[in-house]
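Below: one structure, written as structure tokens.
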Amino acid sequence: MAAMASCSAFVGTPVGSAPRGSRVRAAVARRHHKAPFVFASRAAGLPLLFHNTMAAMASCSAFVGTPVGSAPRGSRVRAAVARRSAAPTVAVATPSKKETQEPKRSKVEIIKENSDFLRHPLIAELATEASFISEDAAQLYKFHGGYQQDDREKRSFGAGKFYQFMMRTKQPAGTVPNKLYLTMDDLADTHGNGTLRLTTRQTYQLHGILKTDLKTTFQAVINNMGSTLGACGDINRNVMAAPAPYSKELKPEYGIAQELAKDLGDLLAPQSGAYYDVWMDGEQVHVEEKPEVVACREDNRFGTNYVGSPEPIYGTLFLPRKFKIGITVPGDNHIDFLTNDVGICVVMDGKEHVGYNVYVGGGMGRSHRNNDTFARLATPVGFVAKEDILYAVKAICCAQRDYGRRDDRKMSRLKYLVHEWGVEKFRTVTEQYMGKAFAPLHDLPEFTMPTYHGWNDQGNGKMWYGVHVVNGRLRGDAKKALRKVIERYELPVRLTANQDLLLTDILPEWQTDIMATLAAGGVKDASEVDTIDAQSIACPALPLCGLAITEAERGLPDINKRLRATMNKVGLPSDEAILIRMTGCPNGCARPYMAELGFVGDGPSSYQVWLGGTSNLLTLAEPFADRVKEANMETFFEPVFHAFKAEKHADERFGDWVNRVGFESIKTHQENYKGLPTPTATAAPVVAAPVAAVPVAAAPVVAAPVAGAPVVAAPVAAIPVVAASVGRLPRVMIERDAFEVLKTYAEKHNTSLTEAATAAILKLDEQ
């Protein structure tokens, strides 16, 4: 009986053959091992009584309600097709403690079911004069590619929320045509907040769109070779792939991965036409798809499709939760491929492409103080030949569609289904949907995490140049300089999983001008970027993300500088690299649980610290400490870095050292640390400059690498003046107008608030 416990609660229940209440009670009984086990086939509408474990296991196959081996394969397929043709599945997999209690569905499930395939009430809500849309419409807007947001820093007293909208594009493999890049750059200035955001999933985000501008913004993207459909919501999201633009002659596996990303994006895109009804007033835009993609979507030999539905794969309810796919190549783990619901690695035999290794059940999202939620790496499920990969991914998607939980959205991701079932059972179910068995995995070489920065040879006489973008935010002079180069040479662009930009198809004779133009805009060359900054990523967090608890994108640059100063203080080399990631909440958009050092917001100016991820992104970090205050970073990390310096092996990375010595050893060192030896010479006092209307913002305070020197605090707020010990300066508030001036200056010059404040104060000395 235990074998049947993880069956979906409602898949395969007889529609019309019994009152709803009895069907619910039967489903609850199945979830709680009630005997006898009654399960009815939709095709026949007659109950089938199973009394043994093997039969119960059969009911967990794709052909739910038809015991495997009890009927010819053809009849099982026909039964499955009939079930898909019948009334819509009430797709709920919900445990219940009381047999008489009807399982609930989450509110979002009801909204999806009643939306006419994502149309209503969004169409009507967009036409109102209000500055916002209702919660139901906002849930549907996610599927179309964005979120309704509230800028917490622009709220007026007594006026309530300051509503605006974020739009996210879909860029399979991060590929951006020249025309679309220029369009997005224009929209950022005309309809957004003047910045372009590059995400950790190789897409754009445009922030600050007002409701009155939404439709024209979407139309501009659609009419210029772009799409946002499915960038958010309970659906297949943007398909990631290793973005390096190598030629087919040099490294063909990269082109194979990137082409598959586009094909899978097409395969799992919504088909009802609602997207064009909402944004283009019903005018359809032709999207060219490969015949093999269309054939796979329409293939219903194994009962995967909703026959006659505008959404043959998704039906009325779409997926239980977001669904993410990442495709990489042997040896290159730039995209963190094991953090996806489906991770895929191209398999080559020399220069010949033979197939793909497939992994399932990865995901980063979790919740504080809820141990039922967790980050998870994808589990190997097997190898498929290259002609079978579309069918394998469709089968995995359908298994999640039919068996993923729909009552508790925190528990609805595929990783929880794989964790509950185990990979063997999940493989068996998926094979029934696919019609083929997975083969054993092929061997792969060791992985690394390249950044793609600097100049690289594409292998076709052209080059690409990897530009580091601080936490993915393009603004000010840097944004303008990139626009000049991309427009002047009509360059296509690739977005990376590390929030950076690859300028591609560059002729060698253009290099000098490109470098000069970018340097004039303040864009640093790869050789000028700190090794910590080069690998760091962060989510947007405050002020726009409704889930953010604290800072991430705006806070990480200063914290990186302070950590570097602390590392230098204990004697680590100035080029020592540590992979650092930060999110403003535990949902993990910047994948902090894979970092060597991860910061996860757990309170105002406070972070949970995760340690032990590895530089090749193949090991999950673990929680090391809670409630580490932003102001105490130096105090907290100095003993850790001191121990690392003393104990590390030659060329040993920070994450590898953490895993070798263990948390207990590191915490003991923290407890026993007495600080560095005090120098015999007395340092001169450090006195901060007077303020006199200087635009200084509240910013983190940095501890000094010099011990024993007295400090006189400046009459301004939290200026990161180098202090003389692990202590910190007091905070002093400044006027809002001064802060706005500082913020504008920092954005224009593509710098941090700390650097802007420091520059402003130092200029007082010159007057």
Side-chain angles (χ1 to χ4, degrees), residues 171-178 180-181 198-204 238-265 325-340 343-348 350-351 353 356-357 444-469 472 482 485-486 489 491-508 510-511 514 518 525-527 529 531 534-535 537 579 591 594 615-618:
Q171 312 293 154
T175 303
V176 183
N178 177 266
L180 180 60
Y181 183 94
L198 315 182
T199 77
T200 59
R201 291 195 63 79
Q202 300 179 278
T203 67
Y204 285 117
N238 190 57
V239 182
M240 301 175 72
Y246 288 112
S247 67
K248 293 180 180 179
E249 296 73 24
L250 185 60
K251 295 186 178 182
E253 59 270 28
Y254 282 86
I256 292 167
Q258 293 154 15
E259 189 69 15
L260 179 60
K262 182 182 183 304
D263 291 345
L264 289 175
I325 302 172
I327 308 162
T328 194
V329 302
D332 184 332
N333 196 22
H334 170 84
I335 66 163
D336 255 341
F337 84 110
L338 294 180
T339 63
N340 292 273
I344 301 170
C345 186
V346 175
V347 175
M348 306 290 290
K351 291 287 185 179
H353 176 214
Y356 303 89
N357 281 353
L444 296 172
E446 293 292 323
F447 281 89
T448 62
M449 197 284 281
T451 63
Y452 307 129
H453 290 159
W455 289 103
N456 299 268
D457 184 5
Q458 292 182 185
N460 56 357
K462 298 180 179 180
M463 308 186 76
W464 93 74
Y465 183 65
V467 178
H468 172 62
V469 181
L482 283 163
V485 167
I486 292 167
Y489 296 106
L491 302 179
V493 166
R494 304 285 176 95
L495 309 182
T496 81
N498 238 40
Q499 302 177 306
D500 294 326
L501 204 62
L502 308 184
L503 309 180
T504 70
D505 292 350
I506 299 172
L507 294 178
W510 299 345
Q511 282 184 261
I514 287 173
L518 294 180
D525 182 60
S527 61
V529 178
T531 54
Q535 296 182 330
I537 57 177
L579 198 160
R591 304 187 290 276
M594 302 301 297
S615 60
N616 60 7
L617 301 173
L618 295 179

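What you see is a predicted model, and the numbers here were worked out from it, not measured in a lab. Just so it is clear, the values below take in all heavy atoms, side chains as well, and ignore hydrogens, waters and symmetry mates.
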So how far is it from [X] [atom1] to [Y] [atom2], rounded to the nearest 0.5 Å?
X: Arg494; Y: Leu503; atom1: CZ; atom2: CG; result: 12.0 Å
X: Asn616; Y: Met449; atom1: CG; atom2: CE; result: 10.0 Å
X: Thr448; Y: His334; atom1: OG1; atom2: NE2; result: 11.0 Å
X: Gln202; Y: Thr496; atom1: CD; atom2: OG1; result: 7.0 Å
X: Gln535; Y: Ser615; atom1: CD; atom2: OG; result: 7.5 Å
X: Ile327; Y: Ile335; atom1: CD1; atom2: CD1; result: 7.0 Å

- Do you see a donor-acceptor pair shorter than 3.5 Å between the side chains of Asp505 and Gln458?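 On atom types as modelled, these side chains qualify, holding a pair under 3.5 Å.
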Just by distance, with hydrogens left out, do Arg201 and Gln171 show a side-chain donor and acceptor under 3.5 Å apart?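 Per modelled atom types, Arg201 and Gln171 side chains form no pair under 3.5 Å.
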Check against side-chain contact (heavy atoms from CB on, under 4.5 Å), Thr328 and Phe447 = CA-CA 10 Å; Thr328 194; Phe447 281 89; 4.1 Å; yes
Does the side chain of [X] reach to within under 4.5 Å of the side chain of [Y], using non-hydrogen atoms?
X: Leu617; Y: Leu579; answer: yes
X: Glu253; Y: His353; answer: no
X: Leu260; Y: Val346; answer: no
X: Arg591; Y: Ile537; answer: yes
X: Ile344; Y: Leu264; answer: yes
X: Val493; Y: Leu502; answer: no
X: Pro330; Y: Pro445; answer: yes
X: Met348; Y: Pro252; answer: yes

For [X] and [Y], work out which heavy atoms get closest and say how close.
X: Asn178; Y: Leu491; answer: ND2-O, 3.0 Å
X: Pro450; Y: Asn333; answer: CD-N, 4.3 Å
X: Ala497; Y: Met240; answer: CB-CE, 3.4 Å
X: Gly459; Y: Leu250; answer: CA-CD2, 3.8 Å
X: Val467; Y: Asp500; answer: O-CB, 3.3 Å
X: Ala173; Y: Ala261; answer: N-CB, 4.0 Å

Could you pull out all residues at least two apart from Tyr246 that satisfy ring-ring contact (aromatic ring centres under 6.0 Å, His included)?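 If we apply the ring-ring contact (aromatic ring centres under 6.0 Å, His included) test to Tyr246, skipping adjacent residues, the hits are Tyr254, Trp464.
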- Task: Start with the C-alpha gap between Val469 and Leu198, add the side-chain angles, then the distance that decides, and say whether side-chain contact (heavy atoms from CB on, under 4.5 Å) holds.
- Result: CA-CA 8 Å; Val469 181; Leu198 315 182; 4.0 Å; yes
- Query: In this structure, which one of Asn498, Asp332, Leu501 forms a side chain to side chain contact (heavy atoms under 4.5 Å, CB included) with Tyr452?
  - Reply: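 Running side chain to side chain contact (heavy atoms under 4.5 Å, CB included) over Asn498, Asp332, Leu501 with Tyr452 returns exactly one hit, Asp332.
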Between Thr199 and Gln499, is a side-chain contact (heavy atoms from CB on, under 4.5 Å) present by the stated rule, with each step listed? CA-CA 5 Å; Thr199 77; Gln499 302 177 306; 5.8 Å; no
Could you walk me through whether Tyr465 and Val485 pass the side-chain contact (heavy atoms from CB on, under 4.5 Å) check?
-> CA-CA 11 Å; Tyr465 183 65; Val485 167; over 6 Å; no
